[in-house]
Amino acid sequence: MSAPETNTALNFIEEIIEEDLKTGKYNGRVHTRFPPEPNGYLHIGHAKSICLNFGLSQKYNGLTNLRYDDTNPATEDVEYVDSIRDDIKWLGFSWDDRECYASDYFEALYHKATELIKMGKAYVDHSTSEEMAAQKGTPTIPGTPSPYRTRSVEENLNLFERMRNGEFNEGACTLRLKIDLASPNMHMRDPVVYRIKKTPHHRTGTKWSIYPMYDFAHGISDSIEGITHSICTLEFEVHRPLYDWILIELGMYRPQQIEFARLNLTYTIMSKRNLKMLVNEGFVNGWDDPRMPTISGLRRRGYTPESIREFAKRVGVARRENMIDVGLLEFCVREHMNLIAQRVMAVLDPLKVVITNYPETQTEELETENNPENAEAGVRCVPFTRELYIEREDFMEDPPKKYFRLFPSGEVRLKSAYIIRCNEVVKDAQGNIVQLNCTYYPNSKSGEDTSGLKVKGTLHWVSAQHAINAEVRLYDRLFTVPNVGDIEGDIRDYINPDSLITIANAKLEPSLCNAATGLRYQFIRKGYFCLDKDATPEKLIFNQTVGLKDSWAKLQTKEG
RNA sequence: UGGCCCGUUGUGUAAUGGUAGCACUACAGAUUUUGGUUCUGUCUGUCUUGGUUCGAAUCCAGGCGGGCCAACCA
C-alpha cells in the first residue's frame with residue numbers, strides 16, 4: 001500500500017499511455033473499456049483483462065466503461081449479462097453509470113453504414129458464404145471481385161434498407177466494405193460488416209433483422225464512447241488496420257487499439273467453447289463449479305478478489321505468448337488466506353484416540369489462537385475429552401525416518417492441548433487400525449507445560465463427543481496435462497477423474513456450527529476452506545480452496 | 001509457402017546502447033505448539049550467426065523457433 005508506485009517498472013501499455021499523456025494526444029484523458037460478449041461466464045483470463053483495463057484508469061485517474069459486445073443474438077443471453085456484471089463487481093471494480101451495450105448503438109451503426117454506402121465504400125452482396133470464401137483468395141493469391149461489387153449507390157441503399165426491414169432471409173445477403181481484394185491482410189479483402197439474423201436479441205427484441213459484425217461495431221462503439229486506449233488480445237492485431245480504416249473513412253474520433261497476450265494457465269482451459277462443453281456434458285456441475293477457471297468458480301472455491309487482483313498484477317502484461325503455472329495463482333490465494341483465515345481444527349479422515357488416563361466424564365475448554373498472523377483475531381476455546389479423533393495419516397505403525405507424527409511408543413503434542421504417548425494399537429478382525437490407546441501427560445498442558453518433554457510433532461484433533469459432521473470437497477486440477485492446448489486428440493480424454501474428492505463425514509470442531517459463507521477458514525495443517533453455497537444448517541459442506549504447502553508430502557513422493 | 005507479431009533461468013516479468021534484476025518454482029539451512037507462516041542462502045537465462053559500436057538483451061541483416069490471419073463468431 002505504502003510502496004511508491006513510481007519506482008515500479010511500467011508495462012508496455014503504461015509506457016504508451018504515459019507517452020500519450022506527455023504529448024497530449026487525448027488531452028490528458030485515459031478512458032478504457034472492458035468489452036465482453038455475453039455468451040459465457042467470465043474466467044480468470046478475463047480477470048487479467050479487467051484488472052488491466054480498470055487498473056489503468058485507476059492509475060491514471062481515468063474511466064473504464066463496461067461494454068457488452070452484444071452483436072450476435074444467436075449466442076447471447078441475459079444470464080451471461082448478469083453473471084458478467086456480478087463478477088466484475090465482485091472483483092472490486094466500478095463503471096459507475098457507464099454500463100454500455102453495442103446494441104445501444106445499432107441505430108447509429110446503421111447510419112454509419114449508409115454513409116459508407118453513399119461514399120461508395122460499401123455494397124450489398126448476394127454471394128453465399130461459400131462463394132465469398134472462393135472469391136476471397138488465399139494469403140498468396142489475391143481475391144476476385146464479387147459480381148455485386150459494382151452496384152450503384154442507390155441500389156445498395158435500397159437493398160440495405162430492405163435488409164433492415166426483414167425482406168430477405170438469413171444468409172440471403174450481407175453488407176460488405178469495399179477495401180482491397182489484394183491486401184495481404186485478409187481482413188481488408190472486403191469484410192462483411194452486416195448480416196441478416198432473425199433471432200430475437202436479448203435487449204432489442206425483434207426490432208432488428210440485421211446485426212453488425214464485430215469489426216464494424218467495435219471501433220465505432222469505442223469512438224462513440226470516447227475511449228482513448230482500446231485494449232484487446234493479440235489475435236485482434238490483424239484487425240487493427242480495419243479498425244483504423246473504418247474510423248478514418250467515417251471521419252470519426254479514433255482511439256488507439258493496443259494488443260496484449262492473453263492469459264494461459266496450466267492444467268486448465270480458457271476457451272468459452274470448451275468450458276461450455278464441460279458444463280453441458282456434465283463434467284462439472286455448472287459454470288460456478290469450484291474446479292472451473294471461471295470467476296464464479298473461483299469465488300465459490302473460496303478465492304478472494306484480492307488474491308485474483310494480486311495474481312493479475314504478478315503475471316504482468318506483455319506481447320509474448322505465455323503459460324502461467326497455476327501454482328502462482330495458488331501462491332496468491334495462500335498469501336491472502338494466511339493473513340485472514342480463521343484457524344480451526346478439522347479431521348478429514350478420522351482415527352479414534354482414547355486417552356486412557358483421562359477422566360471419563362471430564363471436559364476441558366482449551367484456549368487456542370484464531371490466527372497466529374493476527375493477534376487481533378483473538379482466541380477461542382475447544383473442548384478436550386477422553387475420546388478424540390486425529391487424522392489417520394498422522395499415525396504410522398512402522399514409520400519412516402523423520403516421521404514426526406504418532407507411532408507406537410511415540411509422543412506428540414495435540415495442538416493447544418497435551419502431549420500424549422501411544423501405548424496400544426487396536427485392530428479389527430481384518431487387521432485395520434481402528435483405535436489408538438494413549439496416555440497424556442497432565443503437566444504438559446499448552447501454555448503451562450512443566451513436563452520438560454520435547455516432541456517433534458504437533459497434531460490437530462477434535463473431541464469425539466463434540467465433533468460435528470460435515471461434507472468436505474477436495475479439488476484438484478481439472479486436466480491431467482499442463483498444456484491442454486497441446487492435446488492432439490479429444491480433451492475429454494485428459495480430464496482428471498479425481499478432480500473432485502468428496503469426504504462424506506469429516507469431524508469438525510464445534511465452533512464451526514457457526515460457519516458462514518464468505519468466511520475463510522484454515523483447517524490447521526490441511527488447507528484453506530470455505531462453506532459451500534449448497535450447505536444448510538443440517539448439512540455443512542466445505543470446499544477446499546487450496547491445500548497448505550506440504551513439505552512432508554513432497555519429501556514422501558520424492559523418496560517414494 | 002503471403003503478411004503481421006513474438007523469442008531474457010523451469011515459469012513469468014524488468015533492464016529503453018553502459019554491472020542481466022525481481023517474483024513464483026526448485027534446493028539447502030534457521031525459527032516454529034500448523035512438516036503452515038517467517039527468515040537466510042543457493043542453482044539455472046539474453047534462440048542462432050554475422051554486422052554497427054569503446055561497449056549490444058537492447059540497433060541492423062540473415063537464419064531458426066513459436067503465435068496469429070483466408071467465420072454471415074468475438
Side-chain angles (χ1 to χ4, degrees), chain A residues 8-11 15 35-37 39 69-72 74-76 125 127-129 132-134 136-143 170-176 183-187 189 191-197 210-211 213-215 217-218 232-241 259 261 266 272-273 313-325 327-332 334-335 338-339 343 345 368-369 372-373 402-405 412-417 419 444 446-447 449 455-460 482 522-528 547-555:
Chain A
T8 64
L10 303 179
N11 65 48
E15 283 177 359
E37 183 188 12
N39 67 347
D69 225 333
D70 55 349
T71 56
N72 186 357
T75 58
E76 296 156 7
D125 193 341
S127 303
T128 64
S129 47
M132 233 182 263
K136 204 129 201 179
T138 72
T140 48
I141 303 168
E170 284 192 19
C173 50
T174 58
L175 185 73
R176 286 230 258 169
S183 173
N185 183 339
M186 300 299 283
H187 295 275
R189 322 244 274 220
V192 172
V193 290
Y194 265 93
R195 77 292 213 192
I196 296 167
K197 276 192 189 290
I210 56 172
Y211 291 90
M213 301 276 291
Y214 165 85
D215 285 306
H218 202 88
C232 60
T233 45
L234 248 28
E235 70 268 25
F236 289 99
E237 181 166 18
V238 284
H239 295 245
R240 188 174 1 119
E259 311 87 16
T266 55
K272 278 191 207 170
R273 193 182 110 254
K313 193 180 295 179
R314 284 178 185 254
V315 299
V317 179
R319 282 179 66 86
R320 66 187 106 126
E321 299 286 336
N322 58 78
M323 177 62 72
I324 307 291
D325 189 334
L328 182 62
L329 217 209
E330 295 175 343
F331 168 83
C332 292
R334 282 195 194 102
E335 184 184 45
N338 182 48
L339 296 177
R343 269 60 169 178
M345 293 200 279
T368 187
E369 68 225 330
E373 305 297 318
K402 291 198 272 183
Y403 185 80
F404 300 160
R405 285 113 97 143
V412 293
R413 174 171 291 284
L414 296 178
K415 170 77 179 169
S416 298
I419 292 173
S444 67
S446 236
D449 183 354
V455 292
K456 295 282 272 188
T458 301
L459 307 187
H460 61 282
Q522 184 195 97
F523 289 3
I524 288 181
R525 301 210 302 135
K526 298 310 288 183
Y528 295 101
L548 252 29
K549 271 216 301 205
D550 190 345
S551 47
W552 171 246
K554 192 186 285 179
L555 223 194

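Below, read A as the first sequence line, B as the second, and so on, with proteins coming before strands; counting in each chain starts at 1. Just so you know, these numbers come straight off a predicted model, no measurement behind them.
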Say you pick atom C1' in B/C64 and the same atom in B/C27; how far apart are they, in whole Å?
-> 34 Å
Apply ring pair (Phe, Tyr, Trp, His ring centres under 6.0 Å) to A/Y211 and list each qualifying residue two or more places apart in sequence or on a separate chain.
-> A/F106, A/H201
Strictly by modelled atom types, are A/S183 and A/N185 linked by a side-chain donor-acceptor pair under 3.5 Å?
-> no
By side chain to side chain contact (heavy atoms under 4.5 Å, CB included), A/T138 pairs with (sequence neighbours left out) A/T140, A/I141
Where do A/H460 and A/K415 come nearest, in terms of heavy atoms and distance?
-> CA-CB, 4.5 Å
Aromatic centroids of A/Y403 and A/W552 separated by under 6.0 Å | yes
Do A/R195 side-chain atoms and A/E170 backbone N/O form a donor-acceptor pair below 3.5 Å?
-> no
When rounded to the nearest Å, what value does the distance between P atoms of B/C4 and B/G62 take?
-> 12 Å
Sticking with atom P, work out how far B/G12 lies from B/G66, rounded to a whole angstrom.
-> 16 Å
State which residues pass side chain to side chain contact (heavy atoms under 4.5 Å, CB included) with A/P482; sequence neighbours excluded, sorted by chain then number.
-> A/T266, A/Y267
Whether each nucleotide of nucleotides 17-28 of chain B has a protein heavy atom under 4.0 Å at its base (B), only at its sugar-phosphate (S) or at neither (-) is summarised, 5' to 3', as ------SSSSS-
Expressed in whole Å, how much space separates the C1' atoms belonging to B/U25 and B/G45?
-> 15 Å
On a whole-Å scale, what distance lies between the C1' atoms belonging to B/C22 and B/C59?
-> 26 Å
Among all residues two or more places apart in sequence or in another chain, which pass the ring pair (Phe, Tyr, Trp, His ring centres under 6.0 Å) test with A/H218?
-> A/Y214
What does nucleotides 39-47 of chain B look like as a protein-contact string, B for base, S for sugar-phosphate only, - for none, at under 4.0 angstrom between heavy atoms?
-> ---------
Any side-chain heavy atom of A/R405 within less than 4.5 Å of one from A/L459?
-> yes
For A/R319, which contact category applies under a 4.0 Å heavy-atom criterion: base, sugar-phosphate, or nothing?
-> sugar-phosphate
The side chain to side chain donor-acceptor pair (under 3.5 Å) partners of A/K197 (sequence neighbours excluded) come to none
Tell me, which stems hold RNA chain B, with a stem being 3 or more Watson-Crick or G-U pairs in a row and both distances under 3.5 Å?
-> B:2-7 with B:64-69, B:10-13 with B:21-24, B:26-30 with B:38-42, B:47-51 with B:59-63
Kindly indicate whether the side chain of A/R320 and the base of B/G67 share any N or O donor-acceptor pair separated by less than 3.5 Å?
-> no
Which residues satisfy the side chain to side chain contact (heavy atoms under 4.5 Å, CB included) test with A/V317, sequence neighbours excluded?
-> A/N11, A/F12, A/I13, A/L52, A/F260
So, A/E369 and A/S416: side-chain donor and acceptor under 3.5 Å apart, yes or no?
-> no
Base, sugar-phosphate, or nothing: which does A/G447 touch, judged by heavy atoms less than 4.0 Å apart?
-> base
Under the salt bridge (Lys or Arg N to Asp or Glu O under 4.0 Å) test, which residues partner A/R525, sequence neighbours left out?
-> A/D394
Which part of the nucleic acid, if any, lies within contact of A/V455, taking any heavy atom under 4.0 Å across all strands shown: a base, the sugar-phosphate backbone alone, or nothing?
-> nothing
Look at all strands and tell whether A/L548 reaches a base, only sugar-phosphate, or nothing, counting heavy atoms closer than 4.0 Å.
-> base
Return the set of residues passing salt bridge (Lys or Arg N to Asp or Glu O under 4.0 Å) with A/R319 (not counting sequence neighbours), or none when no residue passes.
-> A/E237, A/E259
Using atom P of each nucleotide, how far apart are B/U46 and B/G10 to the nearest Å?
-> 9 Å
Where along nucleotides 69-74 of chain B does protein come under 4.0 Å, by heavy atom, of base (B) or sugar-phosphate alone (S), with - for untouched nucleotides?
-> SB-BSB
Select base, sugar-phosphate, or nothing to describe what A/R405 touches, counting heavy atoms under 4.0 Å on all strands.
-> base
Are side-chain heavy atoms of A/Y528 and A/F523 found at a separation under 4.5 Å?
-> no
Assert: residue with more 5' nearest nucleotide on RNA chain B, out of A/I324 and A/S444, is A/I324
Reckon A/F523 touches a base, only the sugar-phosphate, or nothing at all at heavy-atom distances under 4.0 Å?
-> nothing
Decide yes or no, distance alone: a donor-acceptor N/O pair under 3.5 angstrom between the base of B/G12 and the side-chain of A/E321.
-> no
Side-chain donor or acceptor of A/Q522 under 3.5 Å from a matching atom on the base of B/U34?
-> yes
By nearest-nucleotide position on RNA chain B, the 5'-leaning member of A/I524 and A/M323 is A/M323
Taking atom P in both B/U31 and B/C43, what distance in whole Å separates the two?
-> 23 Å
Heavy-atom donor-acceptor pair, A/R525 side-chain to B/U34 base, under 3.5 Å | no
